[in-house]
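Just so you know, these numbers come straight off a predicted model, no measurement behind them.
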Amino acid sequence: MQKCEVHKLDEAPATQVVLTREEGLQYYHTMQTIRFLELKSRQLFNQKIIRGACHLYNGQEACAVGIEAAINLTDHLITAYRTHGFAYTRGGSLQEIMAELAGRSAGISKGRGGSMHMYTKTFYGGNGVVGSQVSMGAGLALACKYQGKSELSVSIYGDGAANQRQVFETFNMAALWKLPIIFICENNRFAKGTPMEKASASTDFYKRGDFIPGLRVDGMDILCVREATRFAADHCRSGKGPIILELQTYRFLGHFEGDPHLSYRTQDEVDKVQRESDPISILRDHMLSSNMTSVEELQEVDEGINKDVEEAAEFAVSNPEPPLEDLCNHIYYNNPPLEVRGKNPWTKLKSVS
């Protein structure tokens, strides 16, 4: 494993770690499931079954799976709009996620949120406002501290969002109050379509907290991500306050489906990263070279995943859209029924929650 770069830390994550066969197969299965899910999502988007914005996670799977391998499902996680992978790792089913992407009633957000707004019990989205999840993540961390639980908050943002003012305001508050939060910058190099060197005077995102300690690691190696996150989680749980973790990663596709991403980078560059740094291939090669698995076993895993994803897509396509009369439900929590104007001024819809 590569050594981490550290800021204001006397120690660093281990560089020699143990990966069991069971762990390796689990990580491979989850990363490959996310990859297959995103490839199918792209297909459905091109078929106009998925509408609106659609931000895919291809290339960044080691980030989500590595983070989850080092924290607990009782911890709290919030991210931006590249959200499908985390919805899955946080307990959402393929059927629920695919149905949500298609805007169907069985979706994880009842068909109301689409690609950018998915939730589970300890997963708070999917947020469309750039950088907003950093401030909300600090609120979750404050709740953890206030309630006296040994839980922490993980707030994930990108290199583009790192320049938003609320990020720095949140850093200040989190440091003052010693909040148990890991700020994770998924640095995929281009924000929306601008290379980070053209948008950021400092590209050392792990040092951006100044007084907050930080780590920078290879976000394409799941073991690097796991160990760095484990180190950061121990830091938070021991009462030392916040920490910043920068994961150097790369998205294989555009910022969103329809983004002309080859206008700001070359196909040769994308091909080179896919050939040399694909996170799934890195894990696969490591397991094969260590005799932890076989090509045949991994092929069987892939076939099972493909079957599950295809079945989830079929379920989503056949599931009905939410009926119009449900449009005004769930506007407020535990609120008395209220009337809301319908699709024209002469119709009224009544909420039930």
Side-chain angles (χ1 to χ4, degrees), residues 1-20 23-24 27 30-31 59-72 75 77 79 85-86 89 134 137 141 152-159 161-162 167 171 174-175 178-189 196-197 200 202-251 273 276-283 285-287 290:
M1 256 176 49
Q2 294 184 18
K3 188 176 180 180
C4 293
E5 296 176 75
V6 299
H7 170 66
K8 290 190 178 298
L9 288 167
D10 296 325
E11 298 178 293
T15 55
Q16 298 292 323
V17 299
V18 175
L19 174 70
T20 67
E23 288 172 338
Y27 300 160
T30 307
M31 285 202 291
Q60 298 182 215
E61 295 90 352
C63 297
V65 182
I67 291 167
E68 294 284 26
I71 62 173
N72 306 318
D75 292 322
L77 191 145
T79 188
F86 287 105
T89 61
V134 178
L152 56 83
S153 171
V154 177
S155 182
I156 301 164
Y157 58 100
D159 50 295
V167 173
F171 285 172
K178 289 191 178 299
L179 298 182
I181 181 169
I182 310 173
F183 296 108
I184 298 184
C185 177
E186 285 184 313
N187 176 10
N188 60 21
R189 306 186 197 181
M196 60 181 179
E197 296 85 0
S200 300
S202 169
T203 57
D204 290 334
F205 297 105
Y206 70 112
K207 295 180 180 180
R208 288 286 191 92
D210 188 13
F211 36 79
I212 298 176
L215 301 163
R216 177 157 67 189
V217 301
D218 181 1
M220 306 299 268
D221 186 328
I222 187 171
L223 295 182
C224 288
V225 177
R226 184 188 73 176
E227 293 310 307
T229 307
R230 184 173 288 164
F231 180 94
D234 290 343
H235 175 96
C236 290
R237 294 193 209 278
S238 65
K240 296 178 182 177
I243 189 169
I244 297 173
L245 179 56
E246 178 187 344
L247 306 179
Q248 293 185 312
T249 186
Y250 195 90
R251 53 174 167 79
V273 176
E276 298 178 0
S277 302
D278 185 317
I280 297 175
S281 296
I282 290 172
L283 177 62
D285 292 346
H286 176 73
M287 292 177 67
S290 302

Got [X] and [Y] here, is their nearest side-chain heavy-atom distance under 4.5 Å?
X      : Y      : value
Leu77  : Ile67  : yes
Thr229 : Val154 : no
Pro279 : Ile222 : no
Ser153 : Leu179 : no
Ser200 : Phe205 : yes
Phe171 : Ile244 : yes
Arg226 : Tyr27  : yes
Thr249 : Val225 : no

To the closest 0.5 Å, what do you measure between [atom1] ([X]) and [atom2] ([Y])?
X      : Y      : atom1 : atom2 : result
Ile243 : Leu215 : CD1   : CG    : 4.5 Å
Met287 : Leu19  : CE    : CG    : 6.5 Å
Leu283 : Glu61  : CG    : CD    : 11.5 Å
Glu197 : Ser202 : CD    : OG    : 11.5 Å
Ile184 : Leu245 : CD1   : CG    : 5.0 Å

If every non-hydrogen atom of [X] is compared with every non-hydrogen atom of [Y], which pair is closest and at what distance?
X      : Y      : answer
Val217 : Cys224 : CG2-O, 4.3 Å
Ala141 : Ile181 : CB-CB, 3.8 Å
Ala70  : Ala233 : O-CB, 4.3 Å
Met220 : Ser277 : CE-O, 3.1 Å
Glu246 : Asp204 : OE1-C, 3.9 Å
Cys236 : Gly241 : SG-O, 3.6 Å

Legend entry - Of all pairs that satisfy side-chain hydrogen bond (donor to acceptor under 3.5 Å, both in side chains), the ones with a partner from residues 3-14, not counting sequence neighbours: Glu5-Arg216
Inset, instruction - Could you list the residues that satisfy ring-ring contact (aromatic ring centres under 6.0 Å, His included) with Phe86, not counting sequence neighbours? - result: Tyr57
Contacts of [X] that satisfy salt bridge (charged side-chain N to carboxylate O under 4.0 Å, His left out) - sequence neighbours left out:
X      : result
Glu68  : Arg90
Asp221 : none
Glu276 : Lys272

Inset, instruction - Verify, without hydrogens or angle tests, whether Arg208 (side chain) and Gly214 (backbone) share a donor-acceptor contact under 3.5 angstrom. - result: no
Inset, instruction - Could you tell me whether the side chain of Asn187 and the main chain of Gln248 form a donor-acceptor pair under 3.5 Å? - result: no
Legend entry - Sequence neighbours excluded - salt bridge (charged side-chain N to carboxylate O under 4.0 Å, His left out) pairs with any residue from residues 234-245: Asp75-Arg237
